[in-house]
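In what follows, every heavy atom counts, from backbone to side chain, and hydrogens, waters and symmetry copies are set aside. Note on naming: letters A, B, ... go to the chains in the order of the sequence lines (proteins, then strands), and numbering restarts at 1 for each one. What you are looking at is a predicted structure, and each value in this text was computed from that prediction instead of being measured.
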Amino acid sequence: MRKVYLDHAATTPLLPEVREAMLPYLDELFGNPSCLHDWGDSAREAMEAAREQVAQLIGASTDEIIFTGSGTESNNFAVKGLALAQQNKGKHIIVSAIEHFSVLHSAKTLEKWGFELTEIPVDQYGTVDPDEVRKRIRKDTVLVSIMHANGEVGTIEPIAEIARITREHNIHFHTDAIASVGTISVDVKELGIDALSLAGNQFYGPKGVGALYIRKGVRIMPLLDGGVQEGGRRAGTENIPAIVGLGKAADLAKKDVASRVKHLGHLRDRLLTELPAQIDHIVVTGHPKNRLPGNASFCVEFIEGEAMLMLLNSQGVAVTSGSACTSRALKASHVLIAMGLSHELAQGSVLFTFGIDNAEGDIDYVLEVMPPIVERLRQMSPLYAKFTKTGKGGR
Amino acid sequence: MRKVYLDHAATTPLLPEVREAMLPYLDELFGNPSCLHDWGDSAREAMEAAREQVAQLIGASTDEIIFTGSGTESNNFAVKGLALAQQNKGKHIIVSAIEHFSVLHSAKTLEKWGFELTEIPVDQYGTVDPDEVRKRIRKDTVLVSIMHANGEVGTIEPIAEIARITREHNIHFHTDAIASVGTISVDVKELGIDALSLAGNQFYGPKGVGALYIRKGVRIMPLLDGGVQEGGRRAGTENIPAIVGLGKAADLAKKDVASRVKHLGHLRDRLLTELPAQIDHIVVTGHPKNRLPGNASFCVEFIEGEAMLMLLNSQGVAVTSGSACTSRALKASHVLIAMGLSHELAQGSVLFTFGIDNAEGDIDYVLEVMPPIVERLRQMSPLYAKFTKTGKGGR
Amino acid sequence: MPIYSEKVMEHFMNPRNVGEIENPDGTGEVGNPVCGDMMTFYIKVKDNRLEDVKFKTFGCGAAIAVSSMVSEMAKGKTLDEARKITPKLVADELEGLPKNKFHCSNLGAQALNKAIDNYLKKQAKRGKK
Amino acid sequence: MPIYSEKVMEHFMNPRNVGEIENPDGTGEVGNPVCGDMMTFYIKVKDNRLEDVKFKTFGCGAAIAVSSMVSEMAKGKTLDEARKITPKLVADELEGLPKNKFHCSNLGAQALNKAIDNYLKKQAKRGKK
Ligand SMILES: Cc1ncc(COP(=O)(O)O)c(C=O)c1O
Ligand SMILES: Cc1ncc(COP(=O)(O)O)c(C=O)c1O
C-alpha cells in the first residue's frame, strides 16, 4: 500500500543532510560546551556555528538567538519571561484567540499570577485585524503575542502591521513563528518584532530543540533557572546534536525557501481546488490567499474527523483533524471555533499538510481514496440522512 | 597522544546500543506521538516502552514518569511546580546549600515570588544532617529538596532518613538524583520520596532528555504550559529519539549497575589513594565513604584549577574544576565553600570523574602526567614560593 | 501502538448493522454533534425480542465501533436481556476503550435503551387506544 | 573552539620570564587568591630602562599568559614607555581575551606599574639618605 505522510504540521522528517550533520555529535563529539577541554571546545564550536545558521535564517545576529528544548518552551519562555520582566511597568497582555496552546495557556498562567489578559478575536479566515490590537492596547499593556502563521488553518497574520502599532506604543511584541520559519521567508528586522519562537521539527530539523530570537536589549526572565548557559537566560546542558541539526536545517531552509514555497504551494492549490470539486458540502478553512504554502485544511459536513482520519490511515494516508474526538481533551479546535465555525462543522475538520517530499502522485492518491471514505461515513451518518431527507442541517 | 576523558560528571558519551536504538527515530520513525495515524502510533509505542524502562530502573510505575527536556528542566519543574501547587498550604521551602544551581536558583526564584527559603548547611564532607532538616521544618513548610548525590564532590546524602522526617511532617520531598541514577542503584520506594529528577546524559544516554518521577497522587503545576502531552503536566512535542535513548540507557543501567559500581569504584579508589601519595599538599574533597563510585575530587594547594585543567588537556586528559576562574561567573564552587574550604584552597579544585570506558591505563597515565603539571604551576606560583620560604600559607 | 484495540478497529472498519429500519418499532437518538458523537438506533421487535437492530452514527472510531457492537449484542435478545447491556459490558466486549472514549460506550447503551423506551411508549399508547 | 586565542595558548604553554629576580630593584604584587588570580612582578632597572622583568603568577590560563606577555612587552623599555602598556594593549597583543577574563589584563598592567612605583619609591628613599 502507498504510504503518504500529509501531517507535516505535526512534525517533519529529518532531511538526510540534517541527520548526517547530527551523527558525529551522537558519537565521538559528545562533549558539553561548558567544558574547557577539547571535548567541550568541539561542542562549543558546533553550537556557535549552529547559532550563526539560525541567526542567518531569520536575519538576526547570533547574540539574539537562545536555544531551547522545543517550540513550546520557546513560547512559554517568551510569554512568561517577557511579561515577568516588565511587571513593574504593567500587568496587561494581549494575545490572539487562535494562538497555539503553548502561548494561550502561558497567558492563562500569567492571569493566575495577577496579569490581565485580552484575547483578540479573528475574522472568518482566522486573520487578526491590526486595528483590533490597537484598540485593546492599554497604558499597562506590556506584551502582545500574536502568531506569525497558524498551523491548523494556515492563515498568515499581518505581523509587520501589528509590530508598527506595538512600536508606536513602546510595547514588546512576540510572535510564534513555529509554523512558518523554514517554510516561508521570515526576517525579524522586516517584521520589526522583539521576540520570535521557532522549532526544529517543523522544518526538517530534529525534535527536542527550538530557539527564541530576542532583540538585543530586550530583557527577559529565565524560564529554566540554573547554570549560566545561553548567557544565563536558559540553563541546562545544551542538546548539541539537536542544536547542530537545527542549524543544518536552518541552513538548508535558507537556501531552499523559494523552491519550497513554490512546490508546496502548488500541491496545496491542487488539493484546495480539486477536493471540493469531487466532494460536495466541504468547506475550505483558513485564508484563501495569505496562507502557508503546505496547508490545505477543510471541514467536511455531516461526518466526523477522527473517523475520516482513521479510514485515511487505513489507506496509508496520514492526516490530522481539529475535531473534538481527535483531541485528548475532547474539545473541538479553538481555532475553528474562534473563526466562527459551528461545533458541528468543526467536527468534520481534516487537515492535509504537505512536505518537500510530497509529489503530484500523493495528491492523485488522496483524490482517489478520499471521496469513497467521505461517502462511506456519510452513509453511516444520521446528520446526512436528515439532510438528504429534509434538506435541513447543511450550512 | 593518549586521549582520556575523565569528565563524566559533565556529560557521558552515548553507549553504542543507545545510539543504535535512537537511529530509526531519526529516520523513518519520525512521527509525533500525539497523532492518531501509523506514524503517531509507532512514536507512541516507542515512548511508552521507554517510560517502562525508566520506571523499572528506579522502581516506579509508568504513570509516575514524566519526560522532560533536561535535568535542569526536571529540577525547575519539581521545585517550582511542587511549591506552586501547594502555596495555599504554606510558602516555606528547604533546600541544601550544595544543591545544583538548577535547584538553588529555582528556589531563589520562588523567593522572589513570595516564598521563604531555608538553606541547610553541610558538614566538611558535604553531608546534610537529617536532624538539621528536622529542626528547620516549620508549620508552613511545603517542600524539601535535597540532592541524592553531589556531582562535584561525589557525596551521597542520607535521603531515606530525611524522607522519613518529611513523611512524619507530611511535607513533599524532592531529590535531585541526576548525578546518581544509572551509576548507583536508586529505588524511589526504598528512598521514600515524592519526586526525583534524572537526566539521560549522565548515564550514557542522550542529551536533551530528562525525567521527573512524581509519586502517584502528588500534585504539581506545569512548568511548560500548552498541549496535553504527558497527561497535561509537560507540554510540547516529545523528543522521541532522545526518549528512546533514555529508555535504552535505563535498561542497560539496570542490568549493569553492580558491575559499574565495582569498576568505577576501583578506579576512583586508586586515584584517591595514589594521587596524594605522589603529590604533596593535596586534599581529597567530599565524603571518604559515602561517595559516587566514579568521583575523585581534590583540591591542590598553591595553584589554580583552570591552569591545571588546561595543562592536563594539553596532555589529552579532560577534567573539570570548581575554581572561580573556570566558572563563567568567576565564582568558586558554592559546594566547596559550603563545605568550609577557603577560597584559596577551592581555587585548586580538580575533579576526575570516571566512566565505564575508563581503564587502569587511564589512571596510570594521570599519575604520570599530573605530578609534573602540579610542579610546573607551583614553580610559577607566588603562593608556593611564600610557603617554601616561610612555611606559611599552607593549610 | 494504536489507541484502539484490534476489536474496536475491526468493528470500526466493518461495522455491523449500519442503516435504518423502515417503519421501526422503536428509535432512540442520543448525543449531539457539539459534544462530538450522535447515534440513532432503530429496532424491530417481535415476541418481546429484538428481531432487528440498526444504527446510524456520527462520531469517532469508538462511537462507530460501540454502535456496531451494541447492535450485535442486542440482536436476538429479549427486551429485558437487552436492558442489561451496560457500557462496561460493551467496552469489555470491545477489549477496552481509551479512557477518554469511555463515554462512547455510555452513548451506545443509552441509544439502545431509548429505542426500547420508545417502543414501549408506542405500545402503551397503542394499548390505550 | 577553544575559549583562548592561539597567542594566549602559546604564552600559557611557554610563558616567558617566569621566576624571581634576586635583589630586584622593584616588586609589585596584585590580586589575591580569593578572587582567583595573584601576580608578583620583579624588575631590574638600569639607566631608567627595564633591564629584566620576571613574574610569578597564581591563576588561570589568561592570568599566566597576560603575565608572560606583559613581561615580554616591558623588557627593554624605559620606565615611561613601560607605563604606557595598557590592559587594552596587552589584550590586543594576545589576540583578544574572553570577556570575563579581561580583568586579567588589568592585573598584569597593574602589577608592572606597582613594581615601577616600588622602584621609584626606593630610589626616592635612597636619594633622601
Ligand atoms: C504555531 C505553533 N506553535 C507552537 C507549536 C508547539 O510546538 P511543539 O509541540 O513542538 O513544542 C506548534 C506545533 O505544531 C505550532 O504549530
Ligand atoms: C546533581 C545535578 N543536578 C542537575 C544537573 C543539571 O543537569 P543538566 O545541565 O544536564 O540540565 C547536573 C548536571 O551535571 C547535576 O550533576
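Looking at A/A235, both its backbone and its side chain come within 4.5 Å of chain B, counting heavy atoms on both sides. Residue A/V209: no heavy atom, backbone or side chain, is found under 4.5 Å from chain B. Using a 4.5 Å cut-off between heavy atoms, B/A318 touches chain A through backbone and side chain atoms alike. When heavy atoms are compared at a cutoff of 4.5 Å, B/L84 approaches chain A solely by way of its side chain, counted from C-beta outward. Neither the backbone nor the side chain of B/V18 comes within contact range of chain A, judged by heavy atoms closer than 4.5 Å. For B/E238, the part sitting under 4.5 Å from any heavy atom of chain A is the backbone (N, CA, C, O) and nothing else. Of the atoms belonging to B/M22, it is side-chain heavy atoms, and not backbone ones, that fall under 4.5 Å from chain A.
Between A/N239 atom CG and A/T68 atom OG1 the span is 10.0 Å, to the nearest 0.5 Å. Rounded to the nearest 0.5 Å, atoms CD (B/E73) and OG (B/S197) are 10.0 Å apart. We find the CD-CD1 distance between B/E230 and B/I66 to be 6.5 Å, quoted to the nearest 0.5 Å. With rounding to the nearest 0.5 angstrom, the CG atom of B/L224 is 7.0 Å from the CG atom of A/L224. For the atom pair A/Q87 CD and A/I93 CD1, the distance stands at 11.5 Å (nearest 0.5 Å).
With hydrogens and angles disregarded, no donor-acceptor distance shorter than 3.5 Å links the side chain of A/E152 to the backbone of A/S333. A/H105 places no side-chain N or O within 3.5 Å of a backbone atom of A/H100 that could act as its donor or acceptor partner.
Residues of residues 1-14 of chain B placed with any heavy atom under 4.5 Å of a heavy atom in chain A are listed by number as B/K3, B/V4, B/Y5, B/D7, B/A10, B/T11, B/T12, B/P13, B/L14.
Here A/G236 is the residue among A/G236, A/S314, A/P241 with the most heavy-atom pairs under 4.5 Å with chain B. When A/K80, A/E28, A/M221 are compared by the number of non-hydrogen pairs under 4.5 Å with chain B, A/K80 comes out ahead. Ranking B/E306, B/M310, B/R19 against chain A, the residue ahead of the rest is B/R19, based on heavy-atom pairs under 4.5 Å. Taking A/N201, A/D38, A/V228 one by one and counting their heavy-atom pairs under 4.5 Å with chain B, the maximum is reached by A/D38. With respect to chain B, the highest number of heavy-atom pairs below 4.5 Å among A/G227, A/G226, A/G210 belongs to A/G226. The greatest number of non-hydrogen atom pairs below 4.5 Å with chain B, out of A/L104, A/L29, A/T320, A/T109, is found for A/T109.
Between B/N75 and B/S106, every side-chain heavy-atom pair lies at or beyond the 4.5 Å cut-off. The shortest distance between side-chain heavy atoms of A/F30 and A/W39 falls below 4.5 Å. Looking only at side-chain heavy atoms (C-beta outward), A/L309 and A/V350 stay at 4.5 Å or farther from each other.
Side-chain polar atoms of B/S323 and B/E304 form a donor-acceptor pair below 3.5 angstrom.
At a threshold of 4.0 Å, the pair B/K108-A/D225 does not count as salt-bridged, since none of the basic side-chain nitrogens sits closer than that to a carboxylate oxygen.
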